[in-house]
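To keep things clear, I will list the structure first and then write my remarks on it.
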Amino acid sequence: MSLRPALIIASLTLTAACGGVGSTDGDRVVSGPTSAFPLSPAFNDADFRAAVADDQRALLLEETRPDRIPTGRATYDGHIRSGALVNGQDGYDLIGDLRLDVDINTRQPIAGRNPVDGSITDLTLIDRFSGDRAEALAGRLSIDGDTTNGEIAATATGTLALDRLGSQLDDEARFAIDLDGSFRNDFGTADVASGDISGGTTGSRSNDFDLEILDDGRFYAED
């Protein structure tokens with residue numbers, strides 16, 4: 001088992017979160033970066049295990065035939081979860097809230113006619129090497145995609161931040177998470193959306209930390 005520094009995660013440092021605090025120098029306001037701490041994690045290990053159970057159950061559900069998917073707009077709420085590498089170190093799991101808004105305008109296999117949007121929020125890391133400690137990874141990834149012939153293909157993108165201990169300035173990284181899945185029948189027709197996730201930091205030079213989703217990543221959401 002490799003030794004790892006403890007990682008504490010901060011809020012998304014988009015415009016508001018990483019805006020400066022001002023100090024007055026005569027009539028001039030001097031701005032400086034701030035951290036968004038303290039930030040409480042939205043999930044814990046029990047939540048992660050429950051998410052795994054939902055994912056496993058979804059695999060047993062019947063896939064919805066494309067000609068049976070209801071037309072119109074629907075919102076699916078659930079989670080994403082996976083194992084993760086953080087700065088190249090293993091022993092982490094990742095979980096977050098998922099909202100998928102799906103607008104089915106046609107059952108014909110015409111790309112671009114059935115948009116998918118939504119968000120991933122309340123991301124939380126669970127550190128398996130530190131007693132399953134939950135660490136908040138706040139921020140919002142915006143989803144953009146499409147569903148064609150019953151298949152969901154979308155990407156969630158945004159900026160996340162990692163607390164740099166001892167500094168007011170948080171580390172940042174651009175993220176891209178791909179969602180690939182389908183609709184399934186549970187209590188009703190096409191009332192579950194589930195599938196695989198992949199991705200992580202996009203590799204920009206401005207990234208100050210790295211997070212990679214491992215190949216066990218799944219998403220699950222209910223209408």
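Positions are given from 1, in the same order as the sequence printed here.
In this view, F183 and Y76 satisfy the ring-ring contact (aromatic ring centres under 6.0 Å, His included) rule, not counting sequence neighbours. Residues that satisfy the salt bridge (Lys or Arg N to Asp or Glu O under 4.0 Å) test with D103, not counting sequence neighbours, are absent from this structure.
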Please step through side chain to side chain contact (heavy atoms under 4.5 Å, CB included) for the pair R107 and T71, ending with a clear verdict.
CA-CA 8 Å; R107 294 191 180 104; T71 58; 4.3 Å; yes

Exercise. Begin from the C-alpha positions of S82 and L214 and carry the test side chain to side chain contact (heavy atoms under 4.5 Å, CB included) through to its verdict.
Key: CA-CA 6 Å; S82 71; L214 300 181; 5.7 Å; no

**OP:** Starting from the C-alpha separation in whole Å, work towards a yes-or-no answer on salt bridge (charged side-chain N to carboxylate O under 4.0 Å, His left out) for D186 and R184.
**Re:** CA-CA 7 Å; D186 191 5; R184 294 178 180 266; over 6 Å; no

#### Entry: Evaluation steps, side chain to side chain contact (heavy atoms under 4.5 Å, CB included), between L94 and L123
CA-CA 7 Å; L94 176 71; L123 285 161; 4.0 Å; yes

Q) Going through the checks in order, is the side chain to side chain contact (heavy atoms under 4.5 Å, CB included) test met by L179 and V116? A) CA-CA 11 Å; L179 299 91; V116 175; over 6 Å; no

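Summarising the geometry, atom CD belonging to Q89 is positioned 10.5 Å from atom CG belonging to D127; distances are rounded to the nearest 0.5 Å. The distance from the CD atom of Q56 to the OG atom of S194 is 12.5 Å, given to the nearest 0.5 Å. We find the CD1-CD1 distance between I126 and I95 to be 6.0 Å, quoted to the nearest 0.5 Å. Distance CG/L125 to CG/D93: 9.0 Å, rounded to 0.5 Å.
I69 approaches G150 most closely through the heavy-atom pair CD1-CA, 3.5 Å. Closest non-hydrogen pair, E63 versus S182, comes out as OE2-OG, 3.2 Å. Across A111 and T148, no two heavy atoms sit closer than the pair CA-OG1, 3.6 Å. Among all heavy-atom pairs drawn from D117 and R73, the shortest one is OD1-NH2, 3.4 Å.
Between the side chain of D122 and the backbone N or O of G96 there is no donor-acceptor pair closer than 3.5 Å. Remark: side-chain polar atoms of T106 are paired, donor with acceptor, to backbone N or O of Q108 under 3.5 angstrom. Although no hydrogens or angles enter the test, the distance criterion places a donor-acceptor pair under 3.5 Å between the side chain of N105 and the main chain of R113. In this structure a side-chain-to-backbone donor-acceptor pair under 3.5 Å is missing from N149 to P109. Formation of a donor-acceptor pair under 3.5 Å by the D146 side chain with backbone atoms of G112 is found in this model.
Using a 4.0 Å cut-off between a side-chain N of Lys or Arg and a carboxylate O of Asp or Glu, R128 and D45 qualify as a salt bridge. A salt bridge does not link R140 to D97: none of the charged nitrogens lies less than 4.0 Å from a carboxylate oxygen.
Remark: the T64 side chain and the N185 side chain contain an N/O donor-acceptor pair separated by less than 3.5 Å.
None of I213, D215, D216, D178 except one satisfies the side chain to side chain contact (heavy atoms under 4.5 Å, CB included) rule with I197; the exception is I213. Screening D196, D55, D180 against R218 for a salt bridge (Lys or Arg N to Asp or Glu O under 4.0 Å) leaves a single residue, D196.
Atom CZ of R57 has more than 12 heavy atoms from other residues, nucleotides or ligands within 6.0 Å.
Between H79 and Y220, the ring planes are parallel. Angles under 30° get that label, and only those over 60° would be called perpendicular.
Put simply, the side chain of I120 reaches to within 4.5 Å of the side chain of I143, judged on heavy atoms. The shortest side-chain heavy-atom distance between T124 and D47 does not fall under the 4.5 Å cut-off.
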